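Quick notes on the structure that follows.
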Amino acid sequence: MVRKGHKRKNNHVVIVTSDATDGKVRQFKVRPWILQTIILVQCVIIGALIGFFLYERDVWTGETLQTEAENDAIAKLEQEKAALEGQVAGLNGEIDELNQRIGILSETVNQKTQSETQLSEQLQKQTMPTEFPLTGKTSMEEKTEENGNPICIFTASNGSMVVAAAGGSVTVVNEDPEYGNNVWVDHGNGYTTIYRCAGEVKVRQGETVTQGATLFVITDDDSKLGYQMTRDGAYISPMEVLAISG
């Protein structure tokens, strides 16, 4: 008859001592599987801590790299911003310079416009037959001819001159059956003045005359001046336009 052998049980002994002189020594028996479990748990904890620290290191490194990249991007954007601000400052300077030029040009244009307006008014005044057609002392009488056209009859003193009431172009120089000669001046604005006198004619047909230019010279034998005016081809009384002072 064979006798069965008993399985041997192994126990581990944990000894706990004290630094005190009278400290007691304590012994604890620990089963192998408990010790293995404790060691396994410790290994798991240590591994977890190592993994955590490695993970945190990777995370920190990644965040550091990302921060550096962001800082580089921010620095680059700051440089671009500074460059753009410089360009904007330059453009603002050019705009200010252009505004100054525009102001100068605008002032020049305004002055030119005023000058042109004044010149136009002056030319218009010079071509408007408002001036008296004689120099020196004279008497005047308004009449209406047989054909119904109004006329002003002036009697001038010796040495007086018949002058153009306004600037224009001499369109007609003819003999006049009643007054001796007649001169027509077209002023280019719808007005035409007609000077009828026996004095010596001083202008020729086609000649351009200015306001006050001499048309006839009056003598004792030809002191009469018949003065007429048309507007757009129709006869009007010269007194409607003539400016008389004194």
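If you're wondering where the values come from, they're calculated on a predicted model, not measured in any experiment.
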Might you point out which heavy atoms bring [X] and [Y] nearest each other, and give the distance in Å?
X	Y	value
K202	T214	CB-O, 3.7 Å
V203	V173	O-CG2, 4.2 Å
G233	T230	C-CB, 4.2 Å
F154	P133	CE1-CG, 4.0 Å
E131	L242	O-CD1, 3.2 Å

May I ask you to decide if [Y]'s main-chain N or O and [X]'s side chain share a donor-acceptor pair within less than 3.5 Å?
X	Y	result
T130	V241	no
Q205	T171	yes
N149	E145	no

Quiz item: Going by heavy atoms in the side chains, are V163 and L215 under 4.5 Å from each other?
Solution: no
Treat each ILVMFWY residue as a node, draw an edge where side-chain heavy atoms are under 4.5 Å apart, and state whether [X] and [Y] are in one component.
X	Y	result
L134	M140	yes
V41	L49	yes
I236	L225	yes
I153	V183	no
F132	I218	yes

Practice problem: Can you spot which of D176, N182, N181 makes a side-chain hydrogen bond (donor to acceptor under 3.5 Å, both in side chains) with R196? | Solution: D176
Quiz item: Are any of the side-chain nitrogens in R101 or E107 under 4.0 Å away from the carboxylate oxygens of its partner?
Solution: no
In Å and rounded to the nearest 0.5 Å, what is the [atom1] to [atom2] distance from [X] to [Y]?
X	Y	atom1	atom2	value
K143	E141	NZ	CD	4.5 Å
M239	M229	CE	CE	10.0 Å
I45	L40	CD1	CG	10.0 Å
Q87	E94	CD	CD	10.5 Å
Y227	S237	OH	OG	10.5 Å
Q66	N71	CD	CG	10.5 Å

Practice problem: Dump the intermediate steps for side-chain hydrogen bond (donor to acceptor under 3.5 Å, both in side chains) on T193 and Y191, then the final yes or no. | Solution: CA-CA 7 Å; T193 49; Y191 286 92; over 6 Å; no
Quiz item: Which residue pairs pass the salt bridge (Lys or Arg N to Asp or Glu O under 4.0 Å) test with at least one member in residues 50-65, sequence neighbours excluded?
Solution: none
Exercise. Starting from the C-alpha separation in whole Å, work towards a yes-or-no answer on side-chain contact (heavy atoms from CB on, under 4.5 Å) for Q211 and M128.
Key: CA-CA 9 Å; Q211 191 175 59; M128 189 68 181; over 6 Å; no
Self-check item: Trace of the side-chain hydrogen bond (donor to acceptor under 3.5 Å, both in side chains) decision for H187 with T192
Solution: CA-CA 6 Å; H187 302 289; T192 298; over 6 Å; no
Exercise. Output, in order, the C-alpha distance, side-chain angles, deciding distance and verdict of side-chain hydrogen bond (donor to acceptor under 3.5 Å, both in side chains) for T64 and T67.
Key: CA-CA 5 Å; T64 301; T67 301; over 6 Å; no
Quiz item: Would Y235 and I194 satisfy side-chain contact (heavy atoms from CB on, under 4.5 Å), going step by step from the backbone distance to the final call?
Solution: CA-CA 10 Å; Y235 281 87; I194 305 167; 3.6 Å; yes
Quiz item: What residues, two or more places apart in sequence or in another chain, satisfy side chain to side chain contact (heavy atoms under 4.5 Å, CB included) together with E80?
Solution: K76, L77
Quiz item: Do K224 and T155 pass the side-chain contact (heavy atoms from CB on, under 4.5 Å) test, and can you show the C-alpha distance, the side-chain angles, and the key distance before you say yes or no?
Solution: CA-CA 5 Å; K224 297 290 183 180; T155 302; 2.8 Å; yes
Exercise. State whether the number of non-hydrogen atoms from other residues, nucleotides or ligands found under 6.0 Å of E175 atom CD is greater than 12.
Key: no
Exercise. With ring-ring contact (aromatic ring centres under 6.0 Å, His included) as the test, would you mind laying out the steps for F216 and Y195 before giving the verdict?
Key: CA-CA 9 Å; F216 294 92; Y195 309 82; 7.5 Å; no
